[in-house]
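Every chain is numbered from 1 and lettered A, B, ... according to where its sequence line falls, protein lines coming before strand lines.
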Amino acid sequence: MKFETQLDGAVVPVEVTGDGSRYRVTLGGNALEVDARPTGAGGWSLLLGRASFAAGVSEEEGGVFVVDVDGETYSIRVEEETRYIIRTRGGGAAARGQILKAPMPGRVVMVEVTVGQAVAPGDGLVILEAMKMENEFKASVAGTVKEIRVEAGQAVNPGDVLVVVE
Amino acid sequence: MKFETQLDGAVVPVEVTGDGSRYRVTLGGNALEVDARPTGAGGWSLLLGRASFAAGVSEEEGGVFVVDVDGETYSIRVEEETRYIIRTRGGGAAARGQILKAPMPGRVVMVEVTVGQAVAPGDGLVILEAMKMENEFKASVAGTVKEIRVEAGQAVNPGDVLVVVE
Amino acid sequence: MTPPFSKLLIANRGEIAVRVIRACREMGIATVAVFSEADREALHVLLADEAVPIGPAPAAQSYLSTEKLIAAARATGAQAVHPGYGFLAENASFADACATAGLVFIGPPPAAVRAMGDKMAARRVAASLGVPVVPGVSEAVTDDKDAARIAEDVGYPVMLKAVMGGGGKGMRLVHRREDLAGALRTARSEAGAAFGDASVYIERYLAAPRHVEIQILADAHGSTVHLGERECSIQRRHQKLIEESPSPGVDAELRRRMGAAACRLAAAVGYVNAGTAEFLVDARGSFYFLEMNARLQVEHPVTELVTGRDLVREQLRIAAGEKLGYGQEDIAWSGAAIECRINAEDPDQGFLPSPGRITRLSAPAGPWVRNDSGVYAGYTVPRYYDTLMAKLIVWAPDREAAVARMDRALGEYQVGGIRSTIPVLRRILRHPDFVAGRLDTQFMERLDDATVPGRHRTVALIAAALAAYERAGREIPPAPAPTVGPWARLGRPGSSGSRPR
Amino acid sequence: MTPPFSKLLIANRGEIAVRVIRACREMGIATVAVFSEADREALHVLLADEAVPIGPAPAAQSYLSTEKLIAAARATGAQAVHPGYGFLAENASFADACATAGLVFIGPPPAAVRAMGDKMAARRVAASLGVPVVPGVSEAVTDDKDAARIAEDVGYPVMLKAVMGGGGKGMRLVHRREDLAGALRTARSEAGAAFGDASVYIERYLAAPRHVEIQILADAHGSTVHLGERECSIQRRHQKLIEESPSPGVDAELRRRMGAAACRLAAAVGYVNAGTAEFLVDARGSFYFLEMNARLQVEHPVTELVTGRDLVREQLRIAAGEKLGYGQEDIAWSGAAIECRINAEDPDQGFLPSPGRITRLSAPAGPWVRNDSGVYAGYTVPRYYDTLMAKLIVWAPDREAAVARMDRALGEYQVGGIRSTIPVLRRILRHPDFVAGRLDTQFMERLDDATVPGRHRTVALIAAALAAYERAGREIPPAPAPTVGPWARLGRPGSSGSRPR
């Protein structure tokens, strides 16, 4: 099975074959024999040759796998290759706007923009409060605020759309 | 739902009603309101009134629930009441013999009896080795060895019948 | 040992409530937890002997409700209340209310809390005792013209601070005189919102100082001792991330002088129980009193591990009226201890809070590793409270060995399902300045500039791909979005429910 | 610090392999784990830098195979081998093989291992140095008539012991002269089967002695120190369950005398590295040398916690030829430490081994609690090796506080899916004799006589019933056995798939 993995902007093709505990993983052209055993609750014991790693893998929304290994954390988007091709071709002309979603549960402290307002990258859009911390979310593109779907004081859940910039 | 619970030979009727997190548990005639929440992997947080307990519950074979609470461990057989009645009536004339089963995976070190041999309670039947320890299993009844299903050196799994005494 | 109380209520949650419960259990004191609607399954509820609901999730309606806390203590027959840190720990009115209700408040007398809660008053006490303070004014500045004159006297850059402040709110660094008026405005506004008192004062800004604090213990019979210092310079936005004891920048003589200053301050305000005097230490080893924290600190375990003294136990003994039973000459320090704060924050996204369910939790263990945690596998970290999940503390005979041990322990720590500060803590531990003990409050800015490539990218990619592969073998994936055109109908390996090879 | 080795192989498994890996990681030494087919998912494999398979599950074909271990060390470029305890730890031939292969064996020189492996020879060395031994003969008894005469001289009851013995095999207590011949027969037979040498010797039996051992460290430059004693009297069938340091039955003077005796013994046989001299101490405080264990002991952590010295680190330094760097006068003891062995055994069924999958694991934590574990949630404890899963160790300033802390920690420990010794450990901790420090090797027999009703029967019944209720709500139960007659068709609440109310 072929995947495209995305980590920090780099796209790396990875092919996995095998079964049970013995896998062959081809990564950027290099084939590796991997002895991998699930150890419960998303834990994996990996032997790459003799090198041993205990990795924790959690799946997040959107096919993102968060991997903890030796005190480091990696967020990796993994897509089956065909889907990746479809998505990137189909969405080749991806809207250049920004759909700001809540990345965590929280409460809206302030909406810093109004509909129709022009924004530049880095302009504050919304301040969300969670866990006693206020966090400002900024525009990543230049454009015009098309929609504001929340108001101050409102509780939001992860994935809720807050502001749409076109 | 009505259960019969068996702990150390005592049979206690327990009725449970309720839903989600609030239960009414009637135990030996006393009704208790219990706020119970599963905390994952068999863990339960119980509030009996204000008294708080963190219990771990594991189900074993034969409807036995092993409960860990505050450093103590209880093995409790829980049967739905009707089943209990059926079993105890149906099996009222339970055979007075003994079917010795392996309680753990291990290896037979020695069979200490032969078919047809008379045994008294406390007589050794089989020695099993597991985890570098030898463990002797003894006759719990007086009778005659009817069957021997294993031999020295053989590996056994939990529940395997070793010896039948009639 | 006869327990000093038969039953105690903990007016807090999270790891500190668990810490207090453990101390009580070891002393034979029954414990009462309180919990908001968001905390029914919190660890402190599971571990306490009794647990009392005190209302809705927002702290203002539960953990900050004096009325509900006192009612819970009365209903359960508790004799004493431990406030932990945060919430009502330094609220003199709460301490008063406890006293009125006949409950022993585990903390200093209300008068001492009040004396130390007003930062200006505390500054004046310090100055009167000959304890150095950061140059600046010892009164709130109300007039902008006065402020401008004072700032010139003190010398730019200056720091504006809230009189009733704490935790960085109402603080503003001002580099140039033309920015002063605007900074005064926002600092007053923040202070007013956060503390109900908009007063601010002006202090000279010390560039890259160390933040060093002294732990003191004072009994009700006039004995006060200090337990040495904690180095707390590793901060991000005034939030401490790593603390240690001893400080690599404090020698025995400086420890003696700072300790004596802290004890003088405590004695002057009639302080009783555990408290902490915060200081800034500049590059030349001069120290300046900042404020006194009238409570147990988050980072108290590093002091416990180098002194062998259980600070929560000492708090309870002192509050019950017992004598310390030892003097300054009995306090000895051994080895080095470091604490790392494991917060539910995503260091890759500007430390964004990361509440949610912990799907996997593997805590480090082994020799001289202590984990003071308020969470467990399967627990959902609520979005209502602060991000501190656990404190990882290690001890070793010297700092080099302690750093190595902490590095080892962080490597074993895994929190899945939500994000944590573990990766950034490990980066700090391995930074040459940290290893060398070159610590100051600007450290985190230097760290942010350092690009650190991950060492295990390939392993992570393999693990992610294997997890995706096994998942594809278990599940029929959802169909692709219908808008993407003819490709959608073409080869969809993985959709048959069996694993493609 | 420069690491003494760049890479080390651990010829062991379980918690001790994990312990050594942690020490190596903190010292900057790369680690190589070895694993049998039963141990691919064992914790030591997960934590090591490299892992090498060495064969089938039975230890004789894997962990006891000198050939495979040496091959694994060579293949990975390891420079040193740590044998842990058990397996090949006291096998002089393995130490020889390591030396031949150019590998540093982390342990004493083979000659010292051989000298101490022969219990008779060790007895003779002790006697020659003026170290008291239990009255008896210092040679194997081959002739039954000699045996009878010696037993009369020594005085009944006498103990028969295997010359090459250990772990209780080949031991027989003989109360009356008419039982001697039979006991000799079975002791010889057991000794022959267990150690390949049927020789036994006779010793006076001490009633209810304490089992106390002295930890020593000796470098290759002639320095030998002792790190005080460990009290190991809480045993069942010669298997230690709880150990502590200091011993409540040893004062500073006795510690000094026993420590000096242990150091003399070590020096006499050219001992280098960590070792332990075992003694019996009778009710009058007289001590008798039993044997020298030429390895790290399971219970080494209690010594670590009261001395602040990392024994595994010291082993590695010594093996690399480093000097101790301190003398006896630098060894100080602080507080009290206790260790409990968390074994996969069912104390309610005669300590029957309980291998299997750990479905739930909640380990205690918090102040001064150390958990040295070889298992994790989801791990399957294999049936091939010993039952030790983890060691729970606590430290406190005094024994009373340490007992209270251990009791608290055991209350937090939960192992689900298999049985553990936790409940019996807690019963021991609460026994008046244990609390008072009245310990001897007969303690467990007194405990077995004490009936201890559970304190939480009602809670346990409720929890079990709730679990059954929730399970019934989730599943269609299997039909009752078909043989029970007409009742089978009648009311079967719970079979509809929805929960009956």
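- Neither the backbone nor the side chain of C:A409 comes within contact range of chain A; no heavy atom of the residue lies under 4.5 Å from a heavy atom of that chain.
- Under the 3.5 Å distance criterion, with hydrogens and angles disregarded, a donor-acceptor pair is assigned to the side chains of A:E79 and A:Q6.
- With a 4.5 angstrom heavy-atom cutoff, C:V381 touches chain A only via side-chain atoms.
- Note: A:D70 leads A:L32, A:D70, A:V25, A:V67 in heavy-atom pairs under 4.5 Å with chain C.
- In summary, C:D407 and C:R405 do not engage in a salt bridge, as defined by a charged side-chain N under 4.0 Å from a carboxylate O.
- Residue C:R426 touches chain A through its side chain alone, counting heavy-atom pairs closer than 4.5 Å.
- Contacts of C:P382 with chain A are made by backbone atoms alone, with heavy-atom separations under 4.5 Å and no side-chain atom involved.
- By number of non-hydrogen pairs under 4.5 angstrom with chain C, the leading residue of A:D8, A:V57, A:V14, A:L128 is A:V57.
- The OG1 atom of C:T458 lies 8.5 Å from the CG atom of A:L48; values are rounded to the nearest 0.5 Å.
- Using a 4.5 Å cut-off between heavy atoms, C:S354 contacts chain A through its backbone alone, with no side-chain atom that close.
- At a threshold of 4.0 Å, the pair C:E15-C:K391 counts as salt-bridged, since one of the basic side-chain nitrogens sits closer than that to a carboxylate oxygen.
- Interface summary for chain C: among A:D68, A:V12, A:N135, A:V34, the most heavy-atom pairs under 4.5 angstrom belong to A:D68.
- Proximity to chain C (any heavy atom under 4.5 Å) is shown, for A:R77, by neither the backbone nor the side chain.
- Between chain C and the options A:G56, A:P38, A:G63, A:S75, the largest number of non-hydrogen pairs under 4.5 Å is found for A:G56.
- Of the N and O atoms on the side chains of C:T421 and C:R341, not one donor lies less than 3.5 Å from an acceptor on the other residue.
- The part of C:R419 that comes within reach of chain A is its side chain, from C-beta onward, which places non-hydrogen atoms under 4.5 angstrom from that chain.
- Per-residue heavy-atom pair counts under 4.5 Å with chain C were compared for A:L7, A:V78, A:V64, and the maximum is reached by A:L7.
- If you measure heavy-atom distances from A:E81 to chain C, you find no contacts under 4.5 Å at all.
- Between A:Y23 and C:Y469, the ring planes lie perpendicular to each other; the angle is over 60°, past the 30° to 60° tilted range.
- In the model, C:N12 has no side-chain atom that pairs as donor or acceptor with a side-chain atom of C:Y85 under 3.5 Å.
- For C:L410, the part lying near chain A is the backbone, with the side chain staying farther off; criterion is any non-hydrogen pair under 4.5 Å.
- Residue A:V69 touches chain C through both its backbone and its side chain, counting heavy-atom pairs closer than 4.5 Å.
- Neither the backbone nor the side chain of A:P158 comes within contact range of chain C, judged by heavy atoms closer than 4.5 Å.
- For the set C:I422, C:V415, C:L425, C:D386, the count of heavy-atom pairs under 4.5 angstrom toward chain A peaks at C:D386.
- Just one residue in the list A:M133, A:E134, A:E129, A:K132 forms a side-chain contact (heavy atoms from CB on, under 4.5 Å) with C:P353, and that residue is A:M133.
- Interface remark: of the candidates A:K2, A:M104, A:E15, A:M104 forms the most heavy-atom pairs closer than 4.5 Å to chain C.
- Between the side chains of C:T387 and C:E345, at least one donor N or O lies within less than 3.5 Å of an accepting N or O.
- Between atom CG of residue A:L27 and atom CZ of residue A:F3 there is a gap of 12.5 Å, rounded to the nearest 0.5 Å.
- Looking at C:Q414 and C:R360, their side chains do bring a donor and an acceptor atom within 3.5 Å of each other.
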